[in-house]
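What follows is one structure encoded as structure tokens, with my remarks underneath.
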Amino acid sequence: MKIAVVGSNMIDLITYIDRMPKEGETLEALDFKMGFGGKGANQAVAASKFESDVMMVSKVGDDLLGVNTIKNLKECGINTDFVTIQKNKASGVAPIFVDKSSKNSILIIKGANKNLSTTDIDAASEQLKKCSLIVMQLEINLETVYYTIDFANKNHIPILLNPAPCLPNLDLNYICKCDFFAPNESELGILTNKQVSTVDEVKEAAHYIADKGVKNVIVTMGSKGVLWINNNKECFVEAHKVKAIDTTGAGDSFIGCFAHFYVTTKDILLSLKKATAFAAISVTRYGTQSSYPTRDELESFVKKYN
Ligand code: RIB
């Protein structure tokens with residue numbers, strides 16, 4: 001039972017603010033935290049919270065950030081045999097601003113993540129073939145994403161694609177080759193060019209994608225909940241009501257937790273419910289990976305809400 005995450009890693013530089021400074025203005029921020037992030041690494045770390053057998057295929061720079069990123073992944077129990085160091089490149093970093101309403105604005109400087117190539121997928125291919133699920137996002141080159149989808153299809157390995165950050169030129173033909181396509185509502189809106197302000201509009205846009213042949217469309221809608229659509233089901237899981245202080249990485253926590261429960265149970269609805277609770281806890285804490293709960297914390301939260 002193995003999950004592979006083929007994707008990015010970053011160091012998050014999170015500044016907590018009242019508001020963004022205006023042009024030419026200097027403003028004191030409330031606080032600053034530095035931590036491990038990157039959508040790929042976040043998802044791998046979330047899955048590892050359940051002692052899932054997780055491997056990562058990723059690229060760091062030849063700097064201290066890269067060394068520490070690999071150390072962190074190892075400490076989380078993630079296999080890093082295919083997390084390689086790119087010479088003469090900086091590791092990825094993400095300056096992030098979180099406002100008082102817990103919402104975030106993120107810049108990414110991909111650094112070495114840009115060098116994760118098809119050759120790296122070939123190098124990891126024997127291990128990837130042993131996986132029950134490959135999870136991907138879009139912080140690496142699209143060419144590598146498409147190559148991995150083709151590789152997975154050829155070897156009958158299910159793929160979960162989280163199209164974040166959204167790339168409007170993402171090829172729909174490749175989306176259709178994925179077993180799970182999991183955008184948030186704004187990514188869904190951009191990709192379908194449709195309105196997604198209400199749950200009904202989100203449903204319409206999700207059906208548009210599902211009708212193209214995607215097996216399962218899972219749309220995360222933040223504090224509203226999660227919508228799951230396939231060709232014979234439409235299901236909505238409501239989000240838990242919590243006091244959010246920092247939503248950074250919540251979507252990633254959802255994907256990683258979902259991946260673990262799906263691989264171990266094959267029960268999509270149960271996995272969505274667990275992942276919804278996992279993400280709800282994460283927004284009540286500061287930071288990205290540092291906000292992810294343990295298995296025990298998840299179980300007691302779920303009990304409290306049932
Ligand atoms: O989804 C949150 C993540 O996006 C952050 O950890 C940041 O690194 C960017 O990749």
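For ligands, and for the atoms within them, numbers begin at 1 and follow the listed sequence. We count residues from 1, following the sequence as given.
- Residues Val60 and Gln86 are not in side-chain contact: their nearest non-hydrogen atoms beyond the backbone lie 4.5 Å or more apart.
- Annotation: ring-ring contact (aromatic ring centres under 6.0 Å, His included) contacts of Phe97 (sequence neighbours excluded): none.
- Salt bridge annotation for Glu297-Arg285: present, with a cationic side-chain nitrogen under 4.0 angstrom from a carboxylate oxygen.
- For Phe236, the ring-ring contact (aromatic ring centres under 6.0 Å, His included) test picks out no residue, with sequence neighbours left out.
- By the 4.0 Å N-to-carboxylate-O rule, Lys203 lies close enough to Glu234 to be salt-bridged with it.
- Residues satisfying the ring-ring contact (aromatic ring centres under 6.0 Å, His included) criterion with Phe180, sequence neighbours excluded, are Phe258, Tyr262.
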In a simple table, one pair per line, please give the protein and ligand 1 atom names for every N or O pair closer than 3.5 Å, along with the distance.
| unit_1 | atom_1 | unit_2 | atom_2 | d |
| --- | --- | --- | --- | --- |
| ligand 1 | 1 (O) | Lys39 | NZ | 2.9 |
| ligand 1 | 1 (O) | Asp252 | OD2 | 2.7 |
| ligand 1 | 4 (O) | Lys39 | NZ | 3.0 |
| ligand 1 | 6 (O) | Asp12 | OD1 | 3.2 |
| ligand 1 | 6 (O) | Asp12 | OD2 | 2.6 |
| ligand 1 | 6 (O) | Gly38 | N | 3.1 |
| ligand 1 | 6 (O) | Asn42 | ND2 | 3.0 |
| ligand 1 | 8 (O) | Asp12 | OD1 | 2.5 |
| ligand 1 | 8 (O) | Gly38 | N | 2.9 |
| ligand 1 | 10 (O) | Lys39 | N | 3.4 |
| ligand 1 | 10 (O) | Glu139 | OE1 | 3.2 |
| ligand 1 | 10 (O) | Glu139 | OE2 | 2.6 |

